[in-house]
Amino acid sequence: SQTIHQWPATLVQPVGSPLSLECTVEGTSNPNLYWYRQAAGRGLQLLFYSVGIGQISSEVPQNLSASRPQDRQFILSSKKLLLSDSGFYLCAWSGSYEQYFGPGTRLTVT
Amino acid sequence: GQNIDQPTEMTATEGAIVQINCTYQTSGFNGLFWYQQHAGEAPTFLSYNVLDGLEEKGRFSSFLSRSKGYSYLLLKELQMKDSASYLCAVDGGATNKLIFGTGTLLAVQP
């Protein structure tokens, strides 16, 4: 069966510091991968999606970036965090139609 | 533009039936999804509708009318553990990109 991992689970970072969140998927090959952000009391906002290694599409302009160095690895990064980057970051994968979410990383920028 | 509307909050009684509505306006349509999200956790997949009609899965059913841009999630025999946010999402067509509504927070009372 397929499993999706994210780490860390929680993170507190100062404004201006860098960020690296990692997501890995097990049990499937060539999945579509997604990064979402959910601000407090808000819906899920799609940040990036990837259909293959090295293929990244950005949905919204921001100071975040994503990379897919391996088939089942998806990384979300920032060089300098802003206060507005705080939120719940979710990685997801899809095979056929539905998307399955990882456990998420709760990021607080102070 | 892309727009998905659902009520912000609903309250229901344990053992009762509740219907959560969702209306959508999207440029493309490849299916509609319902997810359940408990506080502080990742969303979990509940249902998928791509054709008009009712899909039943145990206590949960989901209905779709593509001509009306309308769906609902029906929860029967409500239990306290059903207290959660219910997210409506539409697959806009390309690469399984989901557009999410802001979610309906359901409170089940004894």
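To find a chain, count down the sequence lines: A is the first, B the second, and so on, and within it residues start at 1.
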### Step-by-step salt bridge (Lys or Arg N to Asp or Glu O under 4.0 Å) determination, A:E59 to A:R37
CA-CA 12 Å; A:E59 287 297 295; A:R37 177 172 59 203; over 6 Å; no
### Task
Starting from the C-alpha separation in whole Å, work towards a yes-or-no answer on side chain to side chain donor-acceptor pair (under 3.5 Å) for B:Q6 and B:T104.
CA-CA 6 Å; B:Q6 23 177 160; B:T104 299; 3.1 Å; yes
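Rounded to the nearest 0.5 Å, atoms CG (B:L32) and CG (B:N49) are 6.5 Å apart. Note that CG of B:L64 is 9.5 Å distant from SG of B:C22, once rounded to the nearest 0.5 Å.
Looking only at side-chain heavy atoms (C-beta outward), A:Y34 and A:S94 come within less than 4.5 Å of each other.
Between B:E14 and B:K81 there is no salt bridge, since no side-chain N of the basic residue sits under 4.0 Å from a carboxylate O of the acidic one.
Hydrophobic clustering, with ILVMFWY side chains joined whenever heavy atoms are under 4.5 angstrom apart, keeps B:F33 apart from B:L46. Clustering ILVMFWY residues whenever any of their side-chain heavy atoms sit less than 4.5 angstrom apart, transitively, puts A:Y36 in the very cluster that holds A:W93. Under the 4.5 Å side-chain heavy-atom criterion for ILVMFWY residues, a single connected hydrophobic cluster contains both B:V50 and B:F100.
Using non-hydrogen atoms only and a strict 4.5 Å limit, the part of residues 34-45 of chain B facing chain A consists of B:Y35, B:Q37, B:G40, B:E41, B:A42, B:P43, B:F45. Heavy-atom neighbours of chain B within the stretch residues 4-29 of chain A, taken at a separation under 4.5 angstrom, are nonexistent.
At most 12 heavy atoms of other shown residues, nucleotides or ligands fall within 6.0 angstrom of atom CD in B:E77.
Proximity to chain B (any heavy atom under 4.5 Å) is shown, for A:L44, by both the backbone and the side chain. Heavy-atom distances place the side chain of A:F88, and not its backbone, under 4.5 Å from chain B.
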